[in-house]
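Positions are given from 1, in the same order as the sequence printed here. Just so you know, ligand 1 is whichever comes first in the structure, and atom 1 is the first atom listed for that ligand.
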Amino acid sequence: MRTKIVVGNWKMNNTVAESIELATAITEKVGKGIHCCEVGIAPTFLALHEVGKVIEWGDIALCAQNCHYENDGAFTGEVSASMLAAAGCGYVILGHSERRQYFGETNAVVNRKVKRVLEQGLRVILCVGETLQEREAGITESVITSQVVEGLEGVSDISSLVIAYEPVWAIGTGKTATSAQAEEVHASIRATVAGLYGQQAAAHLRIQYGGSVKPSNAAELFAMPNIDGGLIGGASLNVDDFMAIVKAAC
Ligand code: PEP
């Protein structure tokens with residue numbers, strides 16, 4: 001039995017003060033007894049420390065949105081996995097399509113980050129997803145398989161891994177994959193992982209769906225057998241919407 005996981009990816013939104021305010025509101029609600037699924041929030045790097053203090057008394061995982069693949073050195077403007085571990089992070093989101101699309105992250109770069117984050121004892125949320133062009137060209141499965149296989153190259157233990165399937169055409173667009181479309185890809189990811197790590201490891205792996213998840217569509221998506229929660233962008237910036245999505249995972 002896999003515990004569902006719902007993580008809010010705040011992206012480049014909210015000042016430190018606003019992040020504290022939103023984290024406080026979420027913590028108050030989660031603190032009132034939502035133990036049926038794991039909840040995480042990923043604020044801007046700048047707010048991690050303060051948000052960490054807010055959620056310390058709650059049941060929420062502190063997540064980062066990205067990191068560098070080296071632990072330290074001359075990489076101006078970057079943040080390392082060891083810094084995130086010291087800041088109290090539990091998860092790092094890696095390979096988000098916005099990182100791939102706007103910052104040129106390849107599967108090889110994502111793979112280096114995955115290995116570094118795991119080495120630091122943190123958990124990884126590895127994002128994969130096809131563009132609209134790729135879906136229309138009928139190559140969704142091969143694109144996702146490459147992202148999974150190449151993203152996990154050299155990783156022997158996936159017990160600290162979550163995969164997020166996020167079709168690029170559904171992120172921030174208001175268009176959501178149907179539950180059947182999402183389930184098909186989730187099942188194929190699980191099969192790929194079973195081929196790499198065996199049936200048992202694949203059965204334990206949590207695979208989130210992300211892409212315009214809202215209170216109105218979350219329950220249907222989360223009811224699918226291979227969908228184990230969600231990575232939530234826009235809707236995670238509103239406490240009521242985010243909590244409605246969390247409750248839909250229960
Ligand atoms: C995301 O950025 O991970 C995401 C799923 O965004 P949205 O929910 O806004 O589509």
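Here disulfide (SG to SG under 2.5 Å) pairs that include residues 218-250, with residues two or more places apart or in two chains, are Cys36-Cys250.
With sequence neighbours left out, the side chain to side chain contact (heavy atoms under 4.5 Å, CB included) criterion links Asn226 to Arg2, Glu183, His186, Ala187, Arg190.
For ligand 1, residues of the protein lying within 4.0 angstrom by heavy-atom distance are Asn9, Lys11, His96, Glu166, Ala170, Ile171, Gly172, Gly210, Gly211, Ser212, Leu231, Ile232, Gly233, Gly234.
Rounding to the nearest 0.5 angstrom, the gap separating the CG atom in Asp157 from the CG atom in Leu118 is 8.0 Å.
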Please assess Ser80 against Asn71 for the test side chain to side chain donor-acceptor pair (under 3.5 Å), listing each intermediate value before the final yes or no.
CA-CA 5 Å; Ser80 71; Asn71 266 339; 4.6 Å; no

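One finds no salt bridge joining Lys53 and Glu56 here, because no Lys/Arg side-chain nitrogen approaches an Asp/Glu carboxylate oxygen to under 4.0 Å.
Other members of the hydrophobic cluster containing Val162, listed by chain and number, are Ile5, Val7, Tyr91, Ile93, Ile125, Leu231; membership follows side-chain contacts under 4.5 Å among ILVMFWY residues, whether direct or relayed.
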